[in-house]
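Below, chains carry the letters A, B, ... as their sequence lines are ordered, and counting in each starts from 1. These figures come from a predicted structure and were not determined experimentally.
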Protein chains: 2
Amino acid sequence: MSELSSHHARHAFDRAMAMEPSGQNQYAAQASKDYWNMVGPYGGITAAQVAQAVLQHPQRLGDLVAVTVNYAGAVGERPYVIEAIPARTNRSTQHWIITLREQDAEGQWSTTTTATAMTALARDTWSDDEYVMPEVPPSSAVERYTTDFRVEWLNRYNIRPLLGGYPTEWDGASSPSLTRMWVSDEPPRPLDVPALTSLCDVFFPRIWLRRAKRVPVGTVSLTVYVHASAEQLAAVGTQPVLAQAQGQGFRDGFFDQTAQIWSPQGVLLATSHQLVYYKE
Amino acid sequence: MSELSSHHARHAFDRAMAMEPSGQNQYAAQASKDYWNMVGPYGGITAAQVAQAVLQHPQRLGDLVAVTVNYAGAVGERPYVIEAIPARTNRSTQHWIITLREQDAEGQWSTTTTATAMTALARDTWSDDEYVMPEVPPSSAVERYTTDFRVEWLNRYNIRPLLGGYPTEWDGASSPSLTRMWVSDEPPRPLDVPALTSLCDVFFPRIWLRRAKRVPVGTVSLTVYVHASAEQLAAVGTQPVLAQAQGQGFRDGFFDQTAQIWSPQGVLLATSHQLVYYKE
């Protein structure tokens with residue numbers, strides 16, 4: 001198989017997750033052009049790389065349960081180093097400190113991303129979803145969304161809006177920032193933890209919906225709690241998941257967003273929160 | 001003024017925030033017995049120390065807007081080192097990596113806490129609270145809560161429950177885990193960012209309310225987004241704030257909690273999320 005056909009045989013998401021050991025706890029990686037946003041990679045794909053760096057680390061204990069990613073500086077097109085340090089290993093849990101560092105043309109290193117993560121051995125306990133999935137039409141009954149907002153990463157997702165869709169009139173009218181949509185990788189790909197992490201950032205900025213105004217924005221911090229067990233993720237497979245997000249507070253240049261992701265069978269797969277910079 | 005009277009003249013919270021420079025980016029600190037929980041300090045006070053370490057750092061730029069604290073290992077009674085590293089400084093924002101490290105009797109260092117934080121220069125923009133404060137009676141109309149659950153840190157807060165109070169019957173009956181309460185430092189103390197950070201962890205475990213069963217628990221990760229401006233915090237002063245929390249998903253040994261804190265005038269001061277370990 002030639003390099004070219006091997007390239008195309010793999011899903012864009014898997015190519016985006018590629019990283020090579022380059023020192024103790026260090027991995028060489030690059031931002032995927034397949035997930036490019038306006039001036040850098042889609043934040044979700046960077047968060048997925050953080051999750052992937054931990055999950056593929058030879059000393060990793062258990063499954064990913066929590067990850068927080070801080071977008072400290074612009075990630076560019078140059079290669080960078082992901083350092084994933086197991087800062088504390090307990091009997092059944094492990095805590096990680098992760099950074100992305102990039103070297104500029106003058107050889108100067110700078111930190112573009114800081115992160116922490118926690119992994120834990122699976123344990124079987126009483127379980128219960130308090131945030132139940134809202135009643136919505138099945139994904140098969142909803143049209144795929146198309147937009148005039150052209151960024152490459154949007155082509156990597158099949159989005160079927162149910163509520164709180166992308167504004168069609170930028171008239172400054174205030175509305176609730178609650179969005180619900182079916183979403184899946186495009187082309188379909190079996191759901192795993194890095195892909196679920198990436199999905200948690202799939203929503204367009206809440207402030208655009210709240211204000212019906214397209215102001216400059218950028219996520220500065222994203223937290224994902226993975227509730228799904230390995231079996232529950234496997235049961236989702238390539239089916240679309242239900243994604244819901246809403247802003248809580250918009251103040252002095254930052255707003256936050258709370259989000260939930262459910263399987264089509266109503267299993268709460270992940271909850272997420274993020275803080276977003278905005279201008280004006 | 002003698003050392004003893006000086007000690008008593010300061011609020012317990014201020015004593016708990018005390019730290020001394022002990023090297024580059026390093027501060028010597030200790031867990032306050034005034035905020036002791038069952039087998040270590042109250043998680044909120046550790047989060048407040050993380051916030052304080054950043055805020056008192058001579059290189060700090062702007063106000064705290066986001067902090068994530070991971071409780072990696074037990075914090076004991078011994079002194080420890082808080083290291084707060086400014087990992088990235090931009091024109092108007094700054095990103096921090098913070099760790100707490102403790103030395104055991106054999107001189108071995110271990111990381112008990114990992115954290116990241118972000119500070120930012122205040123900017124005046126369009127602002128709006130989407131999560132409005134629920135309608136509740138004023139704090140003056142609500143009785144202070146007393147409990148048979150004796151932990152020292154609870155004495156540091158004046159809690160006035162409105163909804164979803166501490167269960168009185170542990171009969172295993174399922175109920176929503178939504179709690180609302182007025183809360184303030186006891187004795188009263190003007191609200192600041194470290195105190196607000198600490199308040200975000202003031203709720204008893206959601207799973208105890210959800211299940212009416214007191215299973216072993218421990219917070220493993222806490223995120224706080226500070227929405228309040230310096231002026232809005234100052235306007236709160238020593239007034240009680242309205243604190244609300246609810247669990248979203250309980251699965252295989254971990255549940256999450258989403259929380260909001262409002263000023264009595266209805267200003268959303270902070271939003272918070274945490275992931276909590278539970279047994280059984």
For D104(A), is the CG atom crowded, meaning more than 12 foreign heavy atoms sit under 6.0 Å from it?
yes

More than 12 non-hydrogen atoms from neighbouring residues, nucleotides or ligands closer than 6.0 Å to CD on Q265(A), yes or no?
yes

Between [X] and chain B, with a heavy-atom cut-off of 4.5 Å, which part of the residue counts as in contact: side chain, backbone, both or neither?
X       : answer
A117(A) : neither
E280(A) : backbone
A122(A) : neither
L121(A) : neither
S92(A)  : neither
R211(A) : side chain
T258(A) : side chain
Q232(A) : side chain
L268(A) : both

Less than 4.5 Å apart, any side-chain heavy atom of E83(B) and any of Q24(B)?
no

I'd like to check L191(A) versus L199(A) (side-chain heavy atoms, cut-off strictly below 4.5 Å). Are they in contact?
yes

Could you go through the side chain to side chain contact (heavy atoms under 4.5 Å, CB included) check for F203(A) and Q257(A) one step at a time?
CA-CA 10 Å; F203(A) 310 92; Q257(A) 163 189 305; 3.5 Å; yes

What's the separation between atom OG in S177(A) and atom CZ in F204(A), rounded to the nearest 0.5 Å?
9.0 Å

As an exercise, state the distance from OH of Y225(A) to OG1 of T197(A), rounded to the nearest 0.5 Å.
13.5 Å

Please look at [X] and chain A and tell me whether the side chain, the backbone, both or neither of the residue comes under 4.5 angstrom of a heavy atom of that chain.
X       : value
D124(B) : both
L178(B) : backbone
V215(B) : neither
Y278(B) : both

Carefully, step by step, assess R123(B) and T125(B) under the rule side-chain hydrogen bond (donor to acceptor under 3.5 Å, both in side chains).
CA-CA 6 Å; R123(B) 289 182 301 121; T125(B) 68; over 6 Å; no

Let me know which of K213(B), R210(B), R206(B) forms a salt bridge (charged side-chain N to carboxylate O under 4.0 Å, His left out) with D128(A).
R210(B)

Are the ring centres of F255(A) and H227(B) closer than 6.0 Å?
no

Do you know which of [options] has the most heavy-atom pairs with chain A at a distance under 4.5 angstrom?
options                           : result
H95(B), M118(B), Q248(B)          : Q248(B)
S221(B), A115(B), G73(B), A270(B) : G73(B)
Q94(B), Q260(B), R101(B), Q246(B) : Q246(B)

Any idea which of [options] has the most non-hydrogen atom pairs under 4.5 angstrom with chain B?
options                  : answer
A66(A), A228(A), G247(A) : G247(A)
T111(A), D252(A), I97(A) : D252(A)
T114(A), T68(A), L275(A) : L275(A)

Heavy-atom pair with the smallest gap, counting every atom of N90(B) and L61(B):
O-CD2, 3.6 Å

For a side-chain hydrogen bond (donor to acceptor under 3.5 Å, both in side chains) with Q274(A), tell me which candidate from D256(A), T223(A), D201(A) qualifies.
D201(A)

